[in-house]
A.B. asks: 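Below is one structure. I have some questions about it.
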Number of protein chains: 2
Amino acid sequence: MARLPVYQRTLEELLRAGVTTVSSELLASAARVNAAKVRRDLSLLGSFGTRGAGYDTAFLIKQIDHRLGLDQVWPVVIAGVGNLGRALARSQGFAARNFDVVGLIDSDPHIVGLVVDGIRVRPPEDLPDIMAEAHPAIGVITVPAGAAQHVADLLVGAGVRSLLNFAPQVLDVAADVLIRYVDLSIELQILSFFEAQRQTASDEPAEPMPVLGSSGRTPRVG
Amino acid sequence: MARLPVYQRTLEELLRAGVTTVSSELLASAARVNAAKVRRDLSLLGSFGTRGAGYDTAFLIKQIDHRLGLDQVWPVVIAGVGNLGRALARSQGFAARNFDVVGLIDSDPHIVGLVVDGIRVRPPEDLPDIMAEAHPAIGVITVPAGAAQHVADLLVGAGVRSLLNFAPQVLDVAADVLIRYVDLSIELQILSFFEAQRQTASDEPAEPMPVLGSSGRTPRVG
DNA sequence: GTGTGTGAACTTGTTCACAGCG
DNA sequence: CGCTGTGAACAAGTTCACACAC
């Protein structure tokens, strides 16, 4: 279930706050979801709750970690060491959740050779070596849009089974390769914002949120 | 609908490739979804297709842009100018889709005063000024986990109506504030990866993907 | 009594299949 | 004749409500 990561985070916060036993009601309000949903979701992991009491916080975290595969180290290769690639390689979240960056790839000779968070950036030709050394199952694509498809082909050809794509386009990959798109330009967010605005707009004619205008700055690729 | 951004991108690619009229079948295969789904989704925008022919590509893009609010400029304030905040401020995707970064906030005196993509980083105290000048409706949270809740309160208190949170936690915000979580640690992706592995595992006992081991490196906050 | 686990009702989203328009 | 738009069947996900275990 897609909500397990949210539960996991929430449980960790609760445990830090000293809550050793948690009810579906408490977890639900902390995670901002419905209590019945929590019980239904957790029942998929097995019957770990105690009727009349609730769930053991630490045990539940362990179970969710196991289900999400976070009790194992996952080797990851990042393709594209621009601003975003660098931010990801250095980010706390990656290492804290057992994702181990085993390779950094960039085609730019000025970037190849740089050391980011203890890892040397290598050229695309070295991908087979990286695969042989550490067998990363996950590839992260943080290259400019024009190179994304080529990089995806390269990664999949080298044996990566799962892709996380930050480039703003639908990629053409084999059906057995899992791919997730991360959209930093937040259209989705805006869409839901608009929807909500529309609903309230019928009552009070609210001030329109977007301000018309134009920025004269030239964007740079990250 | 959450698929509109995908359609929009795909249509732009098709238009660039010279496709001026697109059928639901063609758009569906390009966007990797079901044709019936495309027709159902597009019918929500209105009846813009021509029976027997298909949809006018350019017109459809205009309609989707309008529905997503991408034909207006959206002012955005970014809180936390670390690696990730910098990458976002500079990224092509933001400016290309009419998101205009009107403010950069950071509490670190070493970061305040820096100029990123033509914008000077300002201290949290300047938030009211930024709000008064450019009325950003959207706040982007790219601060370390410990500061996320405080920053969210600050932004919402200043009048931001919509938040994009990159911190790995559920934030406590008013019910009328829209919030979207962007999870860079890709648990979701891993979860679906596991699910798919399980399905194929019954046929052929596949090589386990994660490699056990541990990284000795110390992660740094982005 | 308290709170889980789950059958059953309900809501939302997806797919089929085809009438009918251009 | 090809393709849209949509009613109807279906599937998935959510919520209710309560028997029952502790």
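The sequence lines fix the lettering, A, B, ..., with proteins before strands; numbering per chain opens at 1. Because only heavy atoms are used, hydrogens play no part in the values below, and waters and symmetry mates are left out as well, while side chains stay in.
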A.B. asks: When you list every nucleotide of DNA chain C with an atom under 4.0 Å from a heavy atom of chain B, which one comes first 5' to 3', and which comes last?
C.D. replies: C:dT14 to C:dG22
A.B. asks: Assuming nearest nucleotide by heavy-atom distance, tell me which of B:R39 and A:A36 is located more 5' along DNA chain D.
C.D. replies: B:R39
A.B. asks: Please tabulate, for the side chains in residues 148-160 of chain A, all donor-acceptor contacts under 3.5 angstrom to protein atoms that are two or more places apart in sequence or on a different chain.
C.D. replies:
residue: A:Q149; atom: OE1; partner: A:D172; partner atom: N; Å: 2.9
residue: A:Q149; atom: NE2; partner: A:D153; partner atom: OD1; Å: 2.9
residue: A:Q149; atom: NE2; partner: A:D172; partner atom: O; Å: 2.9

A.B. asks: Can you tell me if B:T57 uses its side chain to pair, donor with acceptor, with the backbone of B:V19 under 3.5 Å?
C.D. replies: yes
A.B. asks: Please identify each residue that fulfils salt bridge (charged side-chain N to carboxylate O under 4.0 Å, His left out) with B:R51, with sequence neighbours left out.
C.D. replies: none
A.B. asks: Can you tell me if B:S23 uses its side chain to pair, donor with acceptor, with the backbone of B:L26 under 3.5 Å?
C.D. replies: yes
A.B. asks: Is there a side-chain contact between A:L11 and A:L27 in this structure, where contact means two heavy atoms from C-beta onward sitting under 4.5 Å apart?
C.D. replies: yes
A.B. asks: Give me the residues of residues 19-27 of chain B where at least one heavy atom lies under 4.0 Å from an atom of DNA chain C, by number, or none.
C.D. replies: none
A.B. asks: Restricting to side chain to side chain donor-acceptor pair (under 3.5 Å), what partner residues turn up for A:S24, sequence neighbours left out?
C.D. replies: A:R39
A.B. asks: Please tabulate, one pair per line, each protein N/O and nucleotide N/O from nucleotides 19-21 of chain D that are separated by under 3.5 Å, including the distance.
C.D. replies:
residue: D:dC20; atom: O2; partner: A:R51; partner atom: NH1; Å: 3.4

A.B. asks: By nearest nucleotide on DNA chain D, pick out whichever of B:S43 and A:T50 is the more 5' one.
C.D. replies: B:S43
A.B. asks: List the residues meeting side chain to side chain donor-acceptor pair (under 3.5 Å) with B:D65, not counting sequence neighbours, and say none if there are none.
C.D. replies: B:Q8
A.B. asks: Find the bend of the helix from C:dG1-D:dC22 to C:dG22-D:dC1 as the angle between its two terminal axes (five pairs each), to the nearest 10°.
C.D. replies: 10°
A.B. asks: Show every ring pair (Phe, Tyr, Trp, His ring centres under 6.0 Å) that has at least one partner inside residues 23-48 of chain A, sequence neighbours left out.
C.D. replies: A:F48-A:F59
A.B. asks: Restricting to pairs with a member in residues 11-25 of chain A, which pass salt bridge (Lys or Arg N to Asp or Glu O under 4.0 Å), not counting sequence neighbours?
C.D. replies: none
A.B. asks: In whole angstrom, what separates A:Y55's OH from D:dC22's P?
C.D. replies: 14 Å
A.B. asks: A:V170: which residues meet the side chain to side chain contact (heavy atoms under 4.5 Å, CB included) condition with it, sequence neighbours left out?
C.D. replies: A:Y181, B:V6, B:T10, B:R32
A.B. asks: To the nearest 0.5 Å, what is the distance between CD1 (B:I61) and OH (B:Y7)?
C.D. replies: 14.5 Å
A.B. asks: Does A:R3 form a salt bridge (Lys or Arg N to Asp or Glu O under 4.0 Å) with A:D41? I'd like the steps, not just the answer.
C.D. replies: CA-CA 8 Å; A:R3 283 181 296 270; A:D41 290 344; 2.8 Å; yes
A.B. asks: Take the protein atom CZ of A:F48 and the nucleotide atom P of D:dC22, then report the distance between them rounded to whole Å.
C.D. replies: 15 Å
A.B. asks: When you compare the side chains of B:N83 and A:R86, does any donor N or O come within less than 3.5 Å of an acceptor on the partner?
C.D. replies: no
A.B. asks: Would you indicate what B:A35 reaches in the nucleic acid, counting non-hydrogen atoms under 4.0 angstrom: base, sugar-phosphate, or nothing?
C.D. replies: nothing
